[in-house]
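Everything on this sheet refers to the single structure shown next.
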Amino acid sequence: MNKSIKVEIDRLLDMISSFPKSIESGHRELSETIISSEFKSLMNQKVSGLLKNVEIKTNSLNRTVKGLLDSLEWKTLNVGFFGETNVGKSTIIEALSCGDGSSIGDGRKDYTKEVIEREVYINGYKVKLIDMPGIEGNERYVQEKIKKAVNSCHIVFFMLNSGKEIERGTLEKLKSYLNERALVFGLINRRLNIQKLKYSTNLLDEDTIKTANRVHEQMRIALGNYYGGRVIVIDALLAFLGRGRLVRSLYSFNDKIAEFLYYKEKVLQILGKEEEVIKASRINSLISLLGEVCKMQELYILRYNASKIAKEMKDCVESIEREIDTFASSLSFSRKEYELLKDAAKEFRYTKTRIEQLIDDILRNVKNKVLEEGFNKIEAGEEQFSIDISKYIQPESGKIIEIVAMELDNFAKSLKRKLKWLNILNVNQKNTLLISLDNTINIKTSEWNPFWEGIKGGAMGALFGIGPIALFTTAAGIIINLFLSYEKIKEKRKQEFLDTLEQKFSLLKREIMNKVNPILNTIETKLNNTILLLEQEPKRIEGYVNSLKSKIKEVMHQVNSFADYIKT
């Protein structure tokens with residue numbers, strides 16, 4: 001075998017055999033970026049199946065190629081005869097090998113059930129002729145034998161009878177068996193009527209030429225570059241009668257051979273010499289073609305042996321490519337999870353708003369209680385007072401913790417139902433929600449007491465000489481004014497108290513939200529980051545698949561280049 005061809009075959013085998021490693025290494029890198037445990041589990045399962053199938057195919061390819069390298073004939077040209085039953089394959093081989101006719105069938109279907117080989121010399125070149133079982137009838141029993149025989153051939157003659165057109169099913173069988181493994185020529189067996197030989201020995205009449213042309217066109221279309229471009233017309237029986245070693249004394253009790261001897265005597269009576277019988281059979285056109293091929297037998301042997309190996313590689317790579325396509329189409333899970341996660345992020349924004357509203361409701365209730373106590377003190381005329389609002393807040397702090405924990409718990413359960421794999425928050429947030437509300441708020445007032453100030457003003461007026469009537473009138477006015485002023489001052493104190501309370505509770509809410517928001521923001525950030533990561537998963541998977549496809553295309557390019565090189 002050509003050394004450079006062997007080196008190239010080994011190189012291509014190494015490329016194809018390395019594919020499982022490419023699948024594994026790419027999978028490891030991809031797994032590190034996949035955040036969905038459920039999707040990762042699905043992907044791992046699919047990759048495992050892909051890897052197993054690819055390993056089976058590459059291992060099978062290595063065994064097949066090794067078997068071909070060991071079993072193919074690299075020194076002798078193998079020529080096969082392929083066709084339907086009773087088409088004359090055995091007869092033509094007997095003629096080429098100058099045989100005794102022992103392998104020729106008796107007309108029964110499936111007569112040749114074994115692959116028969118004969119070695120002959122054509123123009124000084126050793127050639128192995130291979131007779132295969134017919135591809136009509138019960139050839140399913142000998143399919144493997146036919147495939148094995150075809151696989152060893154460098155040249156194949158597809159034989160058919162002159163009175164029968166090539167059927168579509170027969171061409172499909174031809175293609176499936178040959179599968180670009182040999183150079184194919186057409187061979188038409190036209191059986192002349194022995195009784196009419198004295199009138200004509202011309203095999204190439206108008207009808208036969210038309211048949212040959214149609215066969216030529218059909219084979220050209222069906223086989224492409226693996227069609228040799230020639231269709232030869234012969235009479236196999238005449239060829240055997242002219243070249244065969246038929247000896248009466250050895251076969252006097254063999255009816256079949258006796259019949260051949262009878263036909264030979266009749267033919268010789270008409271044509272006179274064996275040379276004329278051979279000429280009439282046109283077997284020399286077949287021998288001439290084989291002689292042309294034998295002159296280039298090293299090229300043919302190398303070309304079609306290497307073509308068989310290249311075809312196995314090509315089939316393997318195409319099969320791996322189909323496995324990758326199947327793998328890629330099975331991974332559409334991530335997009336669904338992405339949409340679910342976006343819905344969950346929107347739901348969490350509602351949860352945040354609801355938590356803040358519920359905290360506002362609690363603080364509003366507390367503020368109303370403090371407000372009521374303060375207003376009561378102002379109404380009672382307390383000149384100075386303080387209110388410790390922690391006594392109202394502290395009992396409510398537990399409610400705030402419960403509310404936040406409950407809302408987050410509900411959200412966590414909702415998220416768990418949609419995305420079982422996503423664990424971005426604890427189900428019980430009570431352990432992480434730490435809100436300290438021990439702050440005591442003192443509210444003090446030091447407004448003057450308007451009533452006592454009014455009395456004091458009236459007494460001073462009496463001292464400065466206001467008369468009794470005037471004093472009474474003045475006192476009554478003062479009292480009325482004092483009452484009205486007192487009401488205004490109370491309203492003012494209430495407003496000041498309310499403003500102070502609003503400031504205090506605004507600060508209190510800020511303190512609470514400063515402790516609640518980090519928890520909420522952490523969850524929201526994780527959700528948003530997860531969305532970004534999940535959004536990229538289809539692209540990362542697509543990148544993984546594309547890298548595998550790119551490698552496959554490169555390998556296929558190399559295999560095709562090798563096959564094209566072999567053809568030329």
Side-chain angles (χ1 to χ4, degrees), residues 13-62 313 315-348 411-427 522-559:
L13 277 179
D14 287 342
M15 287 183 70
I16 298 171
S17 298
S18 70
F19 207 77
K21 291 182 180 178
S22 298
I23 294 173
E24 284 184 314
S25 62
H27 176 227
R28 280 195 301 270
E29 294 176 7
L30 182 60
S31 293
E32 294 174 358
T33 66
I34 298 298
I35 58 172
S36 161
S37 59
E38 190 169 336
F39 181 67
K40 184 179 289 187
S41 174
L42 173 68
M43 186 190 67
N44 290 346
Q45 177 187 346
K46 297 296 183 181
V47 170
S48 177
L50 172 66
L51 185 61
K52 181 179 179 181
N53 291 339
V54 171
E55 284 178 337
I56 290 172
K57 294 179 187 302
T58 54
N59 290 339
S60 175
L61 175 67
N62 277 291
M313 291 179 176
D315 289 347
C316 179
V317 174
E318 287 177 345
S319 180
I320 291 173
E321 190 170 26
R322 288 193 294 272
E323 290 288 345
I324 294 169
D325 288 337
T326 301
F327 164 75
S329 64
S330 69
L331 292 174
S332 57
F333 189 73
S334 186
R335 179 53 55 181
K336 178 183 176 182
E337 290 197 327
Y338 171 65
E339 296 300 332
L340 288 173
L341 195 54
K342 282 176 66 178
D343 290 342
K346 186 184 297 183
E347 181 184 340
F348 187 72
F411 174 74
K413 289 177 180 177
S414 173
L415 189 61
K416 198 74 173 176
R417 285 193 298 271
K418 296 176 182 176
L419 299 163
K420 295 178 181 179
W421 55 270
L422 189 56
N423 299 311
I424 64 172
L425 72 162
N426 299 322
V427 175
T522 297
I523 294 170
E524 189 169 38
T525 299
K526 287 182 178 179
L527 277 171
N528 291 333
N529 288 342
T530 306
I531 288 172
L532 290 175
L533 290 171
L534 200 58
E535 188 178 32
Q536 296 299 317
E537 281 189 3
K539 293 181 181 178
R540 288 194 292 272
I541 293 162
E542 184 182 354
Y544 173 55
V545 171
N546 286 341
S547 69
L548 296 180
K549 286 187 174 182
S550 178
K551 182 174 176 60
I552 271 292
K553 286 180 180 178
E554 173 59 24
V555 174
M556 181 60 82
H557 174 72
Q558 297 283 339
V559 171

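- To the nearest 0.5 Å, atom CD1 of residue I523 and atom CG of residue L415 are 10.0 Å apart.
- For K342, the NZ atom counts as loosely surrounded, since its 6.0 Å shell holds 12 or fewer non-hydrogen atoms of other residues, nucleotides or ligands.
- Each of I56, T58, L51 was scored for a side chain to side chain contact (heavy atoms under 4.5 Å, CB included) with V54, with one residue passing: T58.
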Q: Under the side chain to side chain contact (heavy atoms under 4.5 Å, CB included) rule, what do L548 and F19 come out as? Steps first, then yes or no, please.
A: CA-CA 8 Å; L548 296 180; F19 207 77; 4.1 Å; yes

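- Y544 places a side-chain N or O within donor-acceptor distance of the main-chain N or O of I23, the cut-off being under 3.5 Å.
- Note that CE of M556 and CD1 of I16 are 8.5 Å apart. Values are rounded to the nearest 0.5 Å.
- Remark: the backbone N or O of N546 is not paired with any side-chain donor or acceptor of S550 at under 3.5 angstrom.
- The two residues C316 and K57 make their nearest non-hydrogen contact at SG-O, 3.7 Å.
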Q: May I have the step-by-step check of side chain to side chain contact (heavy atoms under 4.5 Å, CB included) for R28 and E32, ending in yes or no?
A: CA-CA 7 Å; R28 280 195 301 270; E32 294 174 358; 5.6 Å; no

Q | Candidate pair K551 and M15, rule side chain to side chain contact (heavy atoms under 4.5 Å, CB included), full reasoning | A | CA-CA 9 Å; K551 182 174 176 60; M15 287 183 70; 5.6 Å; no

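- The backbone N or O of D325 lies less than 3.5 Å from a partner atom in the side chain of S329, making a donor-acceptor pair.
- How far CD1 of I320 is from CG of L50: 9.0 Å, rounded to the nearest 0.5 Å.
- Pairing each heavy atom of L527 with each of A345, the nearest pair is CD1-CA, 4.2 Å.
- Taking both residues in full, the closest heavy atoms of N44 and S31 are given as OD1-OG, 3.9 Å, listed atom of the first, atom of the second, then distance.
- Taking NE2 of H27 as the reference point, atom OG of S48 lies at 8.5 Å (rounded to 0.5 Å).
- Side chain of S17 to main chain of L13: a donor-acceptor pair is present (N/O by atom type, distance under 3.5 Å, no hydrogens or angles).
- Atoms CG and OG1, from L341 and T530 in turn, are 6.0 Å apart once rounded to the nearest 0.5 Å.
- Between E321 and K549 there is no side-chain heavy-atom pair separated by less than 4.5 Å.
- I552 CD1 to S547 OG: the interatomic distance, rounded to the nearest 0.5 Å, is 11.0 Å.
- Using a 4.5 Å heavy-atom threshold, the side chains of T522 and K526 count as touching.
- The pair K418-E347 counts as a salt bridge, with a side-chain nitrogen and a carboxylate oxygen less than 4.0 angstrom apart.
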